[in-house]
Amino acid sequence: MSSASLNEHETRASDLATKSLEYLKTGRHNDAIRSLREALSLAPRNETVLRAFYDFQKDQNVPPISRLCQKLVVESSSGGDAAAAVAAGKEALRALKDPNLGLQTPTATECLELLLSHAKIIPVPEGGDVVGWILKTSSGGREYLADLLVGGKTKEMVDRFMSLGGGAVDGLVVVLLDPAAWKLAERKKGCLRECFRALLEGMKGRDKARQLVVVRSIARLLATNNEELSSLVGQDALERLLGMLDILSSEDLRSHATLAAAKFIEADEGVAQSMLGKFMLSRLTADSDDDLRIAYSAAAAIFPLVPNVAAQLFMTEGFAEGLVPSLQGRPADVERAALELVNAACVDKTCRAAVAGHCEEYLEAVAKSEEGSGKAIASTILAKVRFGVGEPGTVPKGIDELAGVFKEMILTEDADSRNASVEGLAYATLKASVKESLCKDIVFVKKLLKTLEDSVGKATVMFGGLTIVNNLTAYLPSLSEEQKKVAQLKNYANATPKANLEPDTGDRDPAVAARCKTLIDAGLVPILVSCSKKISPNAITIVTGILLSLSKQQGHRGLIAQQGGVRLLLQFYAAVTGDTGQDRKIKQAASHTLARVLVSTNPSHVFSSQLPVASAVRPLLALLEGQEDQPDLLPVFESLLGLTNLASVDDPTRDLIIRVGWQQIEETLLSSNMMVQRATVELVCNLMASPSGVAKFADGSKAAGNRLHILLALADSEDMATRRAAGGALAMLTEWDKACKAVMSRERGVDILLAMVAEDNEEVKHRGLVCVRNLVCGEEEYAGKFRESNGVEVLKGALKGTRNMEVLSLGVETLKVLMGS
């Protein structure tokens, strides 16, 4: 630029800066910002401009975020302070993340305009992160960028955002996915396609950080607009995407590239299979180390996502047969990629058989001679092959030997080796003898739990680790007599003449309980809590199953509560909003474990203001739903015990139980199962401490009368514990006048209460006496009915046989009223 042009810019900038201050003094804030912004773009280090800038910064009407963005630009310009620019960017980001900010549209637009016009000089990633957060938090900011994109130069705009880093590109994607930001849907559609094309072009560079940003955005856009965008992915773009699946790529890059590839394949498996075939053929034909490694890596990554497509490629004539010969003389990374592919291929039965036929000898050699992750992967494949090609329900030979290999790998200090062995050990721990031997080695147990603890962010390792723990802690399912007979017939049909039809000693309850104790003493529960912040539904299913197994023994329940298990179970229950089979399984296991823990712990030691007791009521009541169709009533029984414990806390908790769950409680009150009925009566007894509970039996309605009739009948039950609980409920109920009237109006009411008084059991006798005392002290009419039913003689007889001073005192007091003295 000529000196004359520079002077013109300086003069123009000075004039604009002076004018901006005039606007500011007269209250024309927006005009002041526009003038100062233009002055900054012309001559950011001009003395007049800087003076105006600092005066502007002092003005109280300027939003703090505007000041920070202006400082970010000024300090980023020639002659500025780079460290101050970075600091301003970080401070602006902190301000934007403040939920109380309330970013107004004019402010958001002004900041975006300023930052984007100086995109080439502001620091990365700080400046880009600020742009991204403005777009995420301001609908007006999103509308502003949408208008810019519609105005043309889409590729130039995408390039500008990519130069600002991942935060800015994430903000751009937010705009592309927000229908409200666009005035016309067709314009949004056009810009979306143009931006997607520009992002595909952005994969061409070798900058790994930029590739990660681009692929993350491509994956997000394909995940939400797959049908619309997948046709834009050509052969070249797909091959670049597949190339990022190289085992030498970072885990983040591979995971996003895998998601993008999966979404593309989902759109049209036929087209995808053809394109994948071309990619594999070109790489395998090239036959270089890099090409083979990338081909095997890509095939391994897509196998779990689209097994049908990948299996057809694997079973292409000559591929499986030629795989092992192709590895002769190749570097370790090529062999590792091939092992990853074979491991992934074992998910398919046909591929597994091909691996057994063409690769088993090679895998055995690798498992015996190799060190590190290759040894673990080869051993894992052997475990899969041997489990997968044998007779169903049988444990293949050699599993103990393979388990020893996996155990050694877990005990090493090499994290890669430990992680690689986890999946194989998940297969090996299906065998009872392996479970027993592993849990007897406390050093191994602690290493296993440490591997699980370190697996956060590594989904495959975490899933394998959780599966191992689940295998170690799982009890054999409880079978009804009919189910046992069916299982026995199946065993006889499948068994050899010498087969042992009884479960292995290591799978029986005492052995499982001992393993659970070993794991819980080693700190399993806190590790499950720390692992569960971000996990998949499949992993949540396993964690809830583990906790359910741990809670079977009463002695473990306190530790589960103390170490965060209750909060975790409630979080899992609340997080499930669907109604799939898996959703129901998670909710059932979480509720059942919660019930077990709350049966054996004091609610006041578990709950607090941050974790209210009310949060546990609905999960426990959910176990009572559809109880008549449940083959196993243990969850129902334990839920009732847990609710009984909660009902001892306070009236608000009792009222919530009554309000939400009374219908289910009434159904269990009539259960044909004695234990379930007893537990329900005990719950009702505790609920009677609330006026809402009393009202259910004494509000004068027909329904209340029917309930009271049932309660009186239960006070005459053959089961002593049921009589005791019903007597306790009646004792509290008869403290209310309406309830007394209702009891006295029931046929056999007096006889049942006197029968309780005549009981040998002191607790039942005590409850009967309380009921009689409440009634005869309330109305002379009621006392007369007890005299007519030989009540005086019954009480005298009951008192002769008691040594309980409280019962004796109560009985004497009641006798005095009955005898009129």
Side-chain angles (χ1 to χ4, degrees), residues 624 627-628 636 640 643-644 647 654 657-659 661-759 761 763-779 781-786 788-791 794:
L624 306 185
Q627 54 200 276
E628 66 280 356
V636 175
L640 289 164
L643 286 165
T644 301
R654 288 187 279 270
I657 294 171
I658 293 167
R659 187 171 68 253
W662 186 255
Q663 182 178 344
Q664 295 101 303
I665 292 169
E666 277 199 292
E667 289 173 6
T668 55
L669 200 60
L670 299 172
S671 174
S672 58
N673 183 285
M674 183 188 71
M675 299 293 287
V676 170
Q677 188 176 64
R678 177 199 296 171
T680 310
V681 181
E682 289 172 348
L683 170 58
V684 168
C685 180
N686 275 10
L687 293 176
M688 211 66 76
S690 164
S692 299
V694 172
K696 289 293 182 183
F697 293 83
D699 65 1
S701 66
K702 183 178 179 181
N706 290 336
R707 293 182 193 119
L708 184 59
H709 179 74
I710 292 169
L711 188 60
L712 283 165
L714 289 168
D716 195 31
S717 167
E718 292 181 3
D719 178 56
M720 188 276 294
T722 301
R723 295 198 303 275
R724 181 179 58 200
L730 288 166
M732 286 186 281
L733 191 61
T734 51
E735 291 177 1
W736 299 76
D737 291 343
K738 281 191 175 181
C740 290
K741 183 178 180 181
V743 169
M744 295 304 295
S745 67
R746 304 308 303 181
E747 186 180 355
R748 293 193 65 246
V750 170
D751 293 338
I752 290 171
L753 295 181
L754 289 175
M756 290 175 62
V757 171
E759 282 264 11
N761 182 277
E763 292 178 290
V764 177
K765 181 181 294 186
H766 183 231
R767 286 159 174 74
L769 282 169
V770 171
C771 293
V772 174
R773 190 272 312 273
N774 289 343
L775 289 163
V776 301
C777 291
E779 294 283 346
E781 178 187 350
Y782 302 159
K785 288 189 176 182
F786 275 96
E788 292 171 7
S789 298
N790 203 29
V794 171

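Inter-residue side-chain proximity for Leu708 and Arg746 is flagged as met; some heavy-atom pair is nearer than 4.5 Å. Two residues are said to be in side-chain contact when any heavy atoms from C-beta on lie closer than 4.5 Å; Pro691 and Trp736 meet this criterion. Counting heavy atoms from C-beta outward, Leu711 and Met688 have side chains that approach closer than 4.5 Å. For the pair Met675 and Arg678, the minimum side-chain heavy-atom distance is below 4.5 Å. With contacts defined as side-chain heavy-atom distances shorter than 4.5 Å, the pair Leu687/Thr644 does not qualify. Between Asp719 and Leu714 the shortest side-chain heavy-atom distance does not fall below 4.5 Å. Side-chain contact between Phe786 and Met744: present, with at least one pair of heavy atoms (C-beta onward) separated by less than 4.5 Å. Annotation: side chain of Lys702 is in contact with side chain of Asn706 (closest heavy-atom distance under 4.5 Å).
For the pair Cys685 and Met732, the tightest heavy-atom approach, listed with the atom from each and the gap, is O-CE, 2.6 Å. Across all non-hydrogen atoms, the minimal contact from Gly768 to Met756 is N-CE, 3.8 Å.
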**Request:** Carefully, step by step, assess Val770 and Glu735 under the rule side chain to side chain contact (heavy atoms under 4.5 Å, CB included).
**Result:** CA-CA 9 Å; Val770 171; Glu735 291 177 1; 5.5 Å; no
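Rounding to the nearest 0.5 Å places CG of Leu730 at 5.5 Å from CG of Leu712. How far OG1 of Thr680 is from CG of Leu670: 9.0 Å, rounded to the nearest 0.5 Å. Once rounded to the nearest 0.5 Å, the distance linking SG of Cys771 with CG of Leu733 reads 8.5 Å. From Arg767, atom CZ reaches atom CG of Leu769 across 11.5 Å, with rounding to the nearest 0.5 Å. For the atom pair CZ of Arg773 and CG of Leu753, the computed distance is 13.0 Å after rounding to the nearest 0.5 Å. Separating the CD atom in Glu666 from the OG atom in Ser671 is a distance of 14.0 Å, to the nearest 0.5 Å.
Between the side chain of Gln677 and the backbone N or O of Leu669, at least one donor-acceptor pair lies under 3.5 Å. Judged purely by atom type and a 3.5 angstrom limit, Thr734 uses its side chain to pair as donor or acceptor with the backbone of Ala731. In this structure, the side chain of Ser745 engages the main chain of Ala742 through a donor-acceptor pair within 3.5 Å. Looking at Arg723, its side chain does come within 3.5 Å of a backbone N or O of Ser717 through a donor-acceptor pair. Using a distance-only test at 3.5 Å, with no hydrogens or angles considered, a donor-acceptor pair links the side chain of Arg707 to the main chain of Lys696. Panel note: side chain Ser789, backbone Gly791; no donor-acceptor pair is recorded below 3.5 Å. In this structure, Arg654 contributes its side chain and Ala647 its backbone to a donor-acceptor pair below 3.5 Å.
A salt bridge links Glu763 to Arg724: at least one charged side-chain nitrogen sits closer than 4.0 Å to a carboxylate oxygen.
Within a 6.0 Å radius of CG in Asn673, other residues, nucleotides and ligands contribute more than 12 heavy atoms.
For the residue pair Ser701 / Asp699, a side-chain donor-acceptor distance below 3.5 Å is found, with atom types taken as modelled.
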